[in-house]
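For reference, positions follow the sequence shown, starting with 1.
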Amino acid sequence: MVELSPFTLADAGVVASWISGPAELANWAGPGFTWPLDDVQLAAYVAEPGRRTWMGVGADGRLVGHASLRLAADGMSARLGRVLVAPDARGQGYGSAFLTLVLTFGFARLGLERVELGVFSHNDSAVRLYERLGFRLAKVLPATDQGSGQSSSALEMSLARADWFPETHRVEP
């Protein structure tokens, strides 16, 4: 259903088109980017040391998702971030299939022991997806303004290699 493809700057316009405004940008990236999202910001993001970034490609060849893993200095853990599913692909299983491949890559190929992430508490669909993939709540951070006038708590979630059961989530690459 989905394959991983390395993110390239040729994909930047597609990713930017999936984000409709400042509030959605803040929801996707926190304070890391400014509106409007552009190629310069995405190029700097992709060039960050230790960051692995992918696009999800559907069986029909269309881009359906974006995500990254930022490796910790020790190489044993990473932070999953900047997860985004194309608006026309949401609710169809692409997010789960895509993230299963990203996590399998992280645990199997990179040898990670833990993957962590942050998600705003109001992003119910993302929280449910992460829980289905095995992530568990590690900490709730106090509510902060996301830069768009909306205040929300952030949830820190974590998935240990020992708790990752790809056979229950596997989508063949």
Can you get from [X] to [Y] by hopping between Ile, Leu, Val, Met, Phe, Trp and Tyr side chains that sit under 4.5 Å apart?
{"X": "Val83", "Y": "Val14", "result": "no"}
{"X": "Leu84", "Y": "Leu4", "result": "no"}
{"X": "Val15", "Y": "Val64", "result": "no"}
{"X": "Tyr45", "Y": "Met55", "result": "yes"}
{"X": "Phe107", "Y": "Met76", "result": "no"}

[X] to [Y] - nearest heavy-atom pair and separation:
{"X": "Met1", "Y": "Ala97", "answer": "SD-CB, 4.0 Å"}
{"X": "Ser153", "Y": "Val140", "answer": "CB-CG1, 4.1 Å"}
{"X": "Gly134", "Y": "Leu159", "answer": "O-CD1, 3.3 Å"}
{"X": "Gly56", "Y": "Val2", "answer": "CA-CG1, 3.9 Å"}
{"X": "Leu63", "Y": "Ala86", "answer": "O-CB, 4.0 Å"}
{"X": "Leu9", "Y": "Ala43", "answer": "CD2-CA, 3.7 Å"}

Can you name the salt bridge (charged side-chain N to carboxylate O under 4.0 Å, His left out) partners of Asp39, sequence neighbours left out?
->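 With neighbours one apart ignored, the set is empty.
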
Measure from the side-chain N and O atoms of [X] to the backbone N and O of [Y], and report whether any donor-acceptor pair falls under 3.5 Å.
{"X": "Thr104", "Y": "Leu101", "value": "no"}
{"X": "Gln41", "Y": "Pro36", "value": "yes"}
{"X": "Thr53", "Y": "Val46", "value": "no"}
{"X": "Arg161", "Y": "Leu112", "value": "yes"}

Taking side chain as C-beta onward, heavy atoms only, is [X] less than 4.5 Å from [Y]?
{"X": "Lys139", "Y": "Met157", "value": "no"}
{"X": "Phe135", "Y": "Val127", "value": "no"}
{"X": "Ser96", "Y": "Leu129", "value": "yes"}

Taking only residues two or more places apart in sequence or in another chain, which ones pass side chain to side chain contact (heavy atoms under 4.5 Å, CB included) with Arg114?
-> Ser77, Glu116, Ser158, Ala160

CA sep, side-chain torsions, deciding dist, call: Trp164, Thr100, side-chain contact (heavy atoms from CB on, under 4.5 Å) = CA-CA 10 Å; Trp164 174 241; Thr100 294; 4.2 Å; yes

Any idea how Phe33 and Trp28 line up, ring-wise: parallel (<30°), tilted (30 to 60°), or perpendicular (>60°)?
-> parallel

As an exercise, state the distance from [atom1] of [X] to [atom2] of [Y], rounded to the nearest 0.5 Å.
{"X": "Arg128", "Y": "Leu133", "atom1": "CZ", "atom2": "CG", "answer": "13.0 Å"}
{"X": "Tyr130", "Y": "Arg136", "atom1": "OH", "atom2": "CZ", "answer": "14.5 Å"}
{"X": "Leu37", "Y": "Ser20", "atom1": "CG", "atom2": "OG", "answer": "12.0 Å"}
{"X": "Asp11", "Y": "Leu42", "atom1": "CG", "atom2": "CG", "answer": "10.0 Å"}
{"X": "Asn27", "Y": "Ile19", "atom1": "CG", "atom2": "CD1", "answer": "10.0 Å"}
{"X": "His122", "Y": "Leu155", "atom1": "NE2", "atom2": "CG", "answer": "10.5 Å"}

Exercise: do Ser68 and Arg51 side chains pair donor with acceptor under 3.5 Å |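 Side chains of Ser68 and Arg51: pair found under 3.5 Å.
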
Sort out for me which residue in Phe7, Phe98, Phe105 forms a ring-ring contact (aromatic ring centres under 6.0 Å, His included) with Trp54.
-> Phe105

Is it true that Asp88 and Arg62 have a side-chain N and a carboxylate O under 4.0 angstrom from each other?
-> yes

